[in-house]
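Worksheet for the structure shown next.
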Amino acid sequence: MNESILAADIGSLWTKVILLDRVAGDFRFVARGQALTTTSGGEGVLAGLRAALQQIELTTGRRLLDRRLH
């Protein structure tokens, strides 16, 4: 079983997301994504979060977001 942690820091300017995986009992850094936090438009800060998560998806090849929610 693969254990992972996905942590997000949604700031007033930048949204930063990191992905950590458990390897040999310890958590190790895998990837990070960063995007501008936005509060304009109907999506609010979710646009920045999605963009940061998409960067991690591109880097790792993992699917983190359900495509039906885009």
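Just so it is clear, the model here is predicted, and its values are computed rather than measured.
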Distance (rounded to the nearest 0.5 Å) between [X] [atom1] and [Y] [atom2]:
X   : Y   : atom1 : atom2 : result
D21 : D26 : CG    : CG    : 12.5 Å
Q55 : L19 : CD    : CG    : 13.0 Å
T15 : D9  : OG1   : CG    : 7.5 Å
R62 : L6  : CZ    : CG    : 9.5 Å
L36 : W14 : CG    : CH2   : 4.0 Å

Honestly curious: do [X] and [Y] fall in one hydrophobic cluster under the side-chain, below-4.5 Å linking rule?
X   : Y   : answer
L65 : V30 : yes
I56 : L46 : yes
L58 : L53 : no
V17 : L64 : yes

Taking all non-hydrogen atoms of both residues into account, name the closest pair between [X] and [Y] and its distance.
X   : Y   : value
T37 : G11 : OG1-O, 3.0 Å
A35 : A52 : CB-N, 3.9 Å
E3  : F27 : O-CE2, 4.1 Å

